[in-house]
Amino acid sequence: MSAASLNPAQLEAVHHLAGPCLVLAGAGSGKTRVITHKIARLLQHGLEPRQIAAITFTNKAAAEMRERAKGLVGPRAAKDLAISTFHALGVRMLRADGERLGLKPSFSILDSDDVLGVLRDAGGATDNKQARHWQWTISLWKNQGLDADGAEAAARDDDERVAARIMRRYEERLAAYQAVDFDDLIVLPLKLLERDAEARAKWQAAFGHVLVDEYQDTNAVQYELMKALVGTDGPRHRSGRFTAVGDDDQSIYGWRGATIDNLKRLPRDYPSLRVIPLEQNYRSTGSILRAANAVIAHNPKLFEKKLWSELGDGEPVRVIDCDGEEHEAERAVTRIQALRGQQGARFADVAVLYRANHQARAFEQKLRAAQIPYKVSGGQSWFDRAEIKDLCAWLRLLVNQDDDPAFLRAATTPKRGIGHQTLAALGEYAGKWRISMFEAIFAPGLPGVLKGKGLDALQHFAREVNELEHRARHTAGAEDAKALLLEWLKTLGYEQHLRDGEDSPKLAEARWSNVLDFVDWIARRCGGQLTQEAGTFESEKLTVLDVAQTISIIISLAERGDEQDVVTLSTLHAAKGLEWPHVVLAGVNEGLLPFRGADEEMTAERLEEERRLMYVGITRAQRTLTVSTLKRRKRGRETVAGVPSRFVVEMKLDEAVVKEDPRERLRRLREELAARGAAASPAAGR
DNA sequence: CATACATGAATTTTT
DNA sequence: TTCATGTATG
């Protein structure tokens with residue numbers, strides 16, 4: 001273990017095994033290193049890998065933590081570590097012991113859509129909006145540990161009283177179906193441990209130490225579950241068996257039930273708690289950290305913590321004031337190009353962060369126009385779905401028959417008599433002659449290496465592709481496009497394929513409905529529409545092939561986005577935990593950041609969470625930070641005057657860092673020149 | 001009953 | 001600008 005590479009605070013956190021431990025990990029302070037080193041330390045101390053539970057919020061975070069641990073403790077130990085999300089841990093507990101709560105081991109887990117259906121049914125409503133509202137309310141109640149009785153007591157108005165009644169019926173139905181929702185995956189294991197001493201003893205013994213990542217994001221029930229797993233404080237208990245790692249300044253999920261009370265209560269519930277702040281930041285320059293500290297200083301403090309860095313001041317934070325969203329996007333593009341030119345930055349070194357998804361739109365457009373590759377993080381998970389990928393493979397193949405990955409997917413889904421052997425022979429032949437697999441099908445030499453059914457199936461497939469390509473080329477308009485696609489799906493037998501592949505008919509149904517949505521989406525794009533791209537207007541019906549082409553481009557952009565050199569566009573929420581050398585914080589305006597809804601009042605808590613969001617944004621930057629504000633902001637149809645966010649003021653920057661748009665400067669100079677010259681032309685451009 | 005048009009409203013996201 | 005919901009019409 002390279003303990004020497006840990007700073008004193010990190011070392012203390014890693015070595016403190018004698019009691020409960022709260023690590024206040026400031027942004028960029030090496031939190032993951034502490035967790036993985038602590039895992040290694042616990043192993044050294046004699047714990048088995050499976051006795052170490054590390055709990056995260058997302059599967060991605062869990063996978064990353066296991067990966068990081070692997071580097072330190074080796075693959076064997078890493079494999080057995082009980083690293084999982086809260087929910088996955090809940091599933092494990094319920095599958096093992098759910099029967100003690102009257103739950104069949106084969107209980108089913110409802111996803112958000114299922115829940116909506118049950119609620120619509122239970123509430124006798126066809127109204128999705130209403131059902132969604134109930135879903136939200138009920139989920140928040142469950143996250144606070146309330147059951148239907150509790151909810152009834154807690155309901156403050158008629159709306160909530162109705163929701164509480166619906167909740168009772170909802171819970172009854174879930175029980176009848178032997179089904180649980182996502183919230184139950186926390187609530188029920190907690191119930192199990194509270195009610196069943198035997199189960200409690202078993203699970204407390206199962207884990208020698210519990211680490212909780214992103215502790216500030218836990219909700220009331222998750223905290224109770226953690227407590228039930230590690231036991232209460234005191235000399236007679238096996239206490240101090242947990243390490244909570246979090247940062248109160250980065251708590252940005254209050255709106256979905258996370259409560260900072262969990263941080264306040266921790267020292268009270270565990271008097272022997274050791275609180276260890278990690279304040280040395282290894283990520284950002286001094287200028288960036290000063291701005292971050294200055295902003296967060298406006299929030300009331302739970303624990304004292306101030307980030308510092310040895311990296312030097314670096315460049316000052318820039319503030320740029322833009323005319324509107326388009327102008328903002330243009331200036332971001334200029335900035336990206338300048339960073340590439342002057343600092344040798346790669347596209348992947350830059351991120352544009354914003355409060356709300358719709359802000360990505362302008363940036364996408366301008367980046368495309370400037371031929372800058374980008375990815376929108378968290379967006380369009382649609383294309384990740386297996387069934388959508390299947391169809392996209394076909395579309396890509398239509399556009400480019402030499403796309404071998406698309407070929408492989410399309411040729412084998414659904415199964416059509418083209419198997420391993422056939423594909424291996426085809427691939428080898430194609431490789432030898434340096435042609436695509438599709439081309440190889442009709443190569444004169446292929447029958448020499450591949451005969452019989454395999455060859456027939458390939459040729460049949462190729463003919464199908466060609467025919468579809470021909471028809472796609474000549475089919476335009478929404479209705480014809482839809483008809484063509486549906487017919488093609490029928491020929492493919494795709495719906496049947498989904499039914500065969502999925503064990504639950506309900507799941508197959510959902511997938512098929514995704515497919516139909518996708519067809520509609522393509523069809524809409526085929527219909528005549530007015531598009532403005534790079535300054536040109538188009539108003540014509542597109543062919544299916546045209547749209548397939550667009551999709552291919554989107555797909556390849558998205559695919560390359562994973563490992564290739566692309567700019568990141570992301571919401572502030574989705575950016576938490578990530579970092580980039582250069583960050584642009586966009587739309588830092590009153591009303592947007594801090595966000596204020598239509599006629600909502602801004603409570604102190606809300607404002608503080610928005611401020612933490614700003615703090616998260618600032619601390620994503622390693623070397624340079626650009627904050628942009630809007631002079632004009634669109635809200636609905638109207639354009640309203642933009643007021644720079646109070647957070648910009650709170651950064652306490654020098655006025656010198658406010659940058660003027662080079663183009664603006666040029667225009668101003670030109671105007672000055674024109675004013676001086678007698679016969680100046682008033683044409684000021686666009 | 002289904003489609004078409006108008007009108008109004010617009011966070012953040014994971015399991 | 002888009003999306004969803006409501007109303008009006010065929």
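Lettering follows sequence order; numbering is per chain, from 1.
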Which ring-ring contact (aromatic ring centres under 6.0 Å, His included) pairs, counting each pair once, include a residue from residues 170-193 of chain A, with sequence neighbours left out?
none

Value in whole Å for how far the [atom2] atom of [N] lies from [atom1] of [X]:
X      : N      : atom1 : atom2 : answer
A/R361 : B/dA10 : CZ    : P     : 17 Å
A/K129 : B/dA10 : NZ    : P     : 8 Å
A/D217 : B/dT15 : CG    : C1'   : 14 Å
A/Q365 : C/dT2  : CD    : P     : 10 Å
A/I109 : B/dT14 : CD1   : P     : 18 Å
A/L94  : B/dT15 : CG    : C1'   : 14 Å
A/E325 : C/dT1  : CD    : P     : 12 Å
A/N219 : B/dT15 : CG    : P     : 14 Å

Going by side chain to side chain donor-acceptor pair (under 3.5 Å), name the residues that satisfy it together with A/Y223, two or more places apart in sequence or in a different chain.
A/D269

Residues in side chain to side chain donor-acceptor pair (under 3.5 Å) contact with A/E67, at least two apart in sequence or another chain
none

Only distances under 3.5 Å count here; give the side-chain donor-acceptor pairs of residues 640-650 of chain A to other protein atoms, sequence neighbours excluded, each with its distance to 0.1 Å.
from, atom 1, to, atom 2, distance (Å)
A/S645, OG, A/L593, O, 2.8
A/S645, OG, A/F647, N, 2.9
A/R646, NE, A/E590, OE1, 3.4
A/R646, NE, A/E590, OE2, 2.9
A/R646, NH2, A/E590, OE1, 2.7
A/E650, OE1, A/R611, NE, 2.8
A/E650, OE2, A/R611, NH2, 2.8

Sequence neighbours excluded, which residues qualify as side-chain contact (heavy atoms from CB on, under 4.5 Å) partners of A/A332?
A/F363

By side-chain contact (heavy atoms from CB on, under 4.5 Å) - contacts of A/E64 (at least two apart):
A/K60

Please tabulate, one pair per line, each protein N/O and nucleotide N/O from nucleotides 11-13 of chain B that are separated by under 3.5 Å, including the distance.
from, atom 1, to, atom 2, distance (Å)
B/dT11, O2, A/R355, NH1, 3.2
B/dT11, O2, A/R355, NH2, 2.4
B/dT12, OP1, A/N357, N, 2.4
B/dT12, OP1, A/N357, ND2, 3.3
B/dT12, O4', A/R355, NH2, 3.3
B/dT12, O2, A/W255, NE1, 3.2
B/dT12, O2, A/R355, NH2, 2.5
B/dT13, OP1, A/T571, OG1, 2.6
B/dT13, OP2, A/N357, ND2, 3.4

Is A/N59 touching bases, backbone alone, or none of the nucleic acid, heavy atoms closer than 4.0 Å?
sugar-phosphate

Short of 4.0 Å, heavy atom to strand atom, which residues of residues 138-147 of chain A count as contacting DNA chain B?
none

Counting only heavy atoms not in A/H133, do more than 12 sit closer than 6.0 Å to its NE2 atom?
no

For A/W203 and A/D97, test the side chains for any donor-to-acceptor distance below 3.5 angstrom and give the result as yes or no.
yes

Can you pull out every side chain to side chain donor-acceptor pair (under 3.5 Å) where at least one residue sits in residues 251-261 of chain A? Sequence neighbours excluded, please.
A/W255-A/H573

